[in-house]
Amino acid sequence: MSASLRLVVPGPLDQATGGYRYAAAMVAAWRTQGHRVEIEELAGTYPVCDKAARKAAKACVARTRGSETLLIDGLALPAFDGLVLPKRTVALIHHPLGLETGLEPAVARAWLGAETARLAKIGAIVATSAATRRDLVAMGIDGAKITVVEPGTAAARTPLARRGKPTVLCVATLTPRKDHVALLRALARMRDIAWCADFVGATERDPACAARVRCEIARLRLGHRVRLAGTCSAEALSRRYAAAHLFALASRHEGYGMAFAEALAHRLPVVGLAAGAIPSVVPATAGILVRPGQIDLLMRALRRMLGPKRRRSAQNAAALRFPDWPQQAARLWTNLP
């Protein structure tokens with residue numbers, strides 16, 4: 001039997017980023033719920049697409065039957081430029097590509113313009129947060145065709161009282177947008193506290209950024225305190241959440257912020273930036289969010305959360321409730337054409 005849904009992602013689905021984890025969790029829940037789903041893992045490079053990417057996109061369209069819904073991850077969409085897409089095509093947008101940190105202003109404007117034109121031709125869009133929907137509407141996209149379906153969050157039962165040396169956990173791929181350097185500089189100003197930090201996330205996605213992070217650790221003489229742990233399994237990550245005392249991430253933009261929600265689900269207080277969708281995920285009672293570019297404010301927030309405020313914030317985090325993946329998968333499925 002043919003699939004009811006064809007999900008399109010650039011490259012392997014098992015990559016350890018929020019966008020891929022969102023897609024993988026949705027697929028797992030849909031199949032458990034009895035839906036037929038086909039996964040298209042496109043070859044090539046993205047979002048600046050090479051010939052292999054465009055060839056893969058063309059073949060994907062040719063394989064799609066009229067009865068199927070084609071759900072295309074926003075990172076893969078540029079490869080479909082110039083193709084006539086099936087009527088039942090849906091774009092899955094985590095955040096606009098032009099809002100990626102580190103782009104030259106002219107490049108960012110060009111990306112946003114191209115994405116606006118691209119999405120104007122697609123009849124339905126799924127955004128992973130209300131903040132992303134606002135970004136898309138600000139770009140000129142018709143809000144009536146945008147459905148918001150946030151990620152799910154797995155329930156976690158972890159102790160409120162953690163023992164041992166105060167451990168700061170950061171979960172994010174090493175890319176400029178996640179701004180590990182800012183977090184390192186804030187932590188370096190707290191040498192009077194016996195903290196240690198685990199940075200969990202892929203180091204190979206942006207080798208130049210990973211090299212800058214390593215150089216900063218060496219420059220600040222934090223090698224004995226900060227560990228670059230790379231990627232790890234879901235089980236190992238859950239153990240790290242359970243063992244940590246504080247979650248911190250200086251990301252300059254998030255379409256949703258899955259790592260923030262997972263930290264709160266593990267009863268961890270949070271320190272981060274008031275950027276993108278993060279303020280809608282992290283309530284003031286369970287974390288501290290500061291303005292981007294304010295290292296001193298970030299340091300003060302870390303210091304407060306490693307002090308007496310931590311336990312109260314952890315208790316407030318424990319009281320939060322997030323929708324689970326089966327709920328969100330069912331919601332997304334019902335909103336597909």
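These values consider heavy atoms only, across backbone and side chains, with no hydrogens, waters or symmetry-generated copies.
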His35 and Trp333 aromatic ring geometry - parallel, tilted or perpendicular at 30°/60° bounds: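 Plane angle under 30°, so parallel.
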Close side-chain approach of [X] to [Y], heavy-atom, < 4.5 Å:
| X | Y | result |
| --- | --- | --- |
| Thr167 | Leu246 | no |
| Arg212 | His180 | no |
| Val149 | Thr128 | no |

Atom pairs and distances, donor-acceptor, side-chain atoms in residues 72-81, under 3.5 Å, two or more places apart:
{"from": "Asp73", "atom 1": "OD1", "to": "Leu75", "atom 2": "N", "distance (Å)": "2.9"}
{"from": "Asp73", "atom 1": "OD2", "to": "His94", "atom 2": "NE2", "distance (Å)": "3.2"}
{"from": "Asp81", "atom 1": "OD1", "to": "Arg118", "atom 2": "NE", "distance (Å)": "2.8"}
{"from": "Asp81", "atom 1": "OD2", "to": "Arg118", "atom 2": "NH2", "distance (Å)": "3.1"}

Cationic N near anionic O, under 4.0 Å, [X] to [Y]:
| X | Y | result |
| --- | --- | --- |
| Asp206 | Lys178 | no |
| Glu38 | Arg65 | no |
| Arg185 | Glu216 | yes |

No-hydrogen, no-angle side-chain donor-acceptor test under 3.5 Å, Glu254 and Ser251: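 Their side chains do contain a donor-acceptor pair, which is all the 3.5 Å distance test asks for.
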Donor-acceptor pair between Arg267 and Gln315 side chains, under 3.5 angstrom: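 Gln315 and Arg267 do not have a side-chain donor-acceptor pair below 3.5 Å.
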[atom1] of [X] to [atom2] of [Y]: how many Å apart, nearest 0.5 Å?
| X | Y | atom1 | atom2 | result |
| --- | --- | --- | --- | --- |
| Met258 | Arg21 | CE | CZ | 4.0 Å |
| Ile141 | Lys145 | CD1 | NZ | 6.0 Å |
| Leu222 | Ile217 | CG | CD1 | 7.0 Å |
| Leu184 | Cys215 | CG | SG | 11.5 Å |
| Thr132 | His95 | OG1 | NE2 | 8.0 Å |

Test log, rule side-chain contact (heavy atoms from CB on, under 4.5 Å), inputs Val137 and Asp135: CA-CA 6 Å; Val137 170; Asp135 288 337; over 6 Å; no
I'd like to know if [Y] and [X] are part of one continuous hydrophobic network [Ile/Leu/Val/Met/Phe/Trp/Tyr, side-chain heavy atoms within less than 4.5 Å].
| X | Y | result |
| --- | --- | --- |
| Leu273 | Phe247 | no |
| Val270 | Ile295 | no |
| Leu71 | Tyr22 | yes |

Full working for salt bridge (Lys or Arg N to Asp or Glu O under 4.0 Å) between Arg36 and Glu68: CA-CA 10 Å; Arg36 300 190 305 278; Glu68 294 175 338; over 6 Å; no
Stepwise side-chain contact (heavy atoms from CB on, under 4.5 Å) test for Arg227 and Phe199: CA-CA 6 Å; Arg227 177 189 177 194; Phe199 284 15; over 6 Å; no
Check against side-chain contact (heavy atoms from CB on, under 4.5 Å), Val61 and Lys58: CA-CA 5 Å; Val61 171; Lys58 185 176 181 180; 6.0 Å; no
Derivation of the side-chain contact (heavy atoms from CB on, under 4.5 Å) call for Leu42 and Val9: CA-CA 6 Å; Leu42 300 185; Val9 294; over 6 Å; no
Arg219, CZ atom: more than 12 neighbouring heavy atoms under 6.0 Å: yes
Atom CZ of Arg304 with >12 non-hydrogen neighbours under 6.0 angstrom: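 At most 12 heavy atoms, drawn from other residues, nucleotides or ligands, come within 6.0 Å of this atom.
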List, one per line, each side-chain donor-acceptor pair under 3.5 Å for residues 98-112, sequence neighbours excluded.
{"from": "Glu100", "atom 1": "OE1", "to": "Arg177", "atom 2": "NE", "distance (Å)": "3.3"}
{"from": "Glu100", "atom 1": "OE2", "to": "Arg177", "atom 2": "NE", "distance (Å)": "2.9"}

side-chain hydrogen bond (donor to acceptor under 3.5 Å, both in side chains) assessment of Arg205 paired with Gln15: CA-CA 10 Å; Arg205 195 172 189 88; Gln15 298 181 59; 2.8 Å; yes
